[in-house]
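Right, one structure below, let's go through it.
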Amino acid sequence: MGTARDFVLVGVIVGAHGIKGEVKLKSFTSDPLSIGRYGPLQSSSGKQFEISKLKAAKDDFIASFKNVNDRNEAETLRGVELFVAREKLPKLKTHEAYAHDLMGLDVVLENGSKLGKLVAMPNYGAGDLLEVAIDGKAETVLIPFTSAFVPQEDFSTGRIVVNLPDGYLDEGEKE
């Protein structure tokens with residue numbers, strides 16, 4: 001599949017749907033429907049998936065792939081991540097970045113001290129979050145990806161600078 005930098009994760013197959021080989025598909029693109037506009041998608045193993053039909057469902061999409069014709073085959077695809085070649089994605093504006101490119105970056109406080117590494121960017125409906133693995137701790141911390149918490153949007157330095165309010169990282173109140 002080329003190098004990891006040549007491809008960007010755009011979705012994942014979350015399960016089978018119905019008996020005709022349809023799958024439930026979760027899109028990670030900023031416009032979720034655009035996952036159907038990039039042409040064939042590719043798994044990490046190099047297998048190509050071409051969407052022949054895409055319709056919105058409650059929290060995801062129902063997709064039909066060419067050459068996937070029954071539920072048994074669709075069931076084997078659960079968990080398959082789908083990638084698109086970077087050159088097929090829209091060009092970014094200044095100070096924009098694909099979430100895929102931010103993974104693994106150091107997260108530092110405004111005073112320059114290292115907080116940890118970015119491990120994920122979940123969105124539970126209220127906006128994007130930075131999930132940071134804190135150095136020396138097993139737990140991660142979620143930080144809103146807003147201008148109040150991430151005042152600098154220049155990621156070319158290879159790090160994400162965050163501004164956290166006093167006490168943000170304190171553990172629960174002591175009894």
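All values derive from a computational prediction rather than experimental measurement. When a residue number appears, it is its place in the shown sequence, counting from 1.
Here the NZ-CG distance, from Lys137 to Leu115, works out to 9.0 Å after rounding to the nearest 0.5 Å. One finds the CG atom of Asn163 at 10.5 Å from the CD1 atom of Ile143 (value rounded to the nearest 0.5 Å). Atom-to-atom distance recorded for Arg37:CZ and Lys88:NZ is 15.0 Å, nearest 0.5 angstrom. Interatomic distance, CD1 of Ile13 versus NZ of Lys24, reported as 13.0 Å (0.5 Å rounding).
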Exercise for review: Dump the intermediate steps for side chain to side chain contact (heavy atoms under 4.5 Å, CB included) on Leu25 and Asp60, then the final yes or no.
Suggested key: CA-CA 6 Å; Leu25 177 65; Asp60 45 32; 5.9 Å; no
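Residues Thr29 and Asp31 bring no donor and acceptor atom of their side chains to less than 3.5 Å of each other.
Of the charged side-chain nitrogens involved, none lies within less than 4.0 Å of a carboxylate oxygen, so that Asp70 and Lys20 do not count as a salt-bridged pair.
Side-chain atoms of Ser27 come within 3.5 Å of backbone atoms of Pro32 as a donor-acceptor pair (strictly under, hydrogens ignored). A donor-acceptor contact shorter than 3.5 Å links the side chain of Arg78 to the backbone of Val14. Here the side chain of Ser52 pairs a donor or acceptor atom with the backbone of Ser64 at under 3.5 angstrom. Arg71 places a side-chain N or O within 3.5 Å of a backbone atom of Gly18 that can act as its donor or acceptor partner. Using a distance-only test at 3.5 Å, with no hydrogens or angles considered, no donor-acceptor pair links the side chain of Ser147 to the main chain of Pro151.
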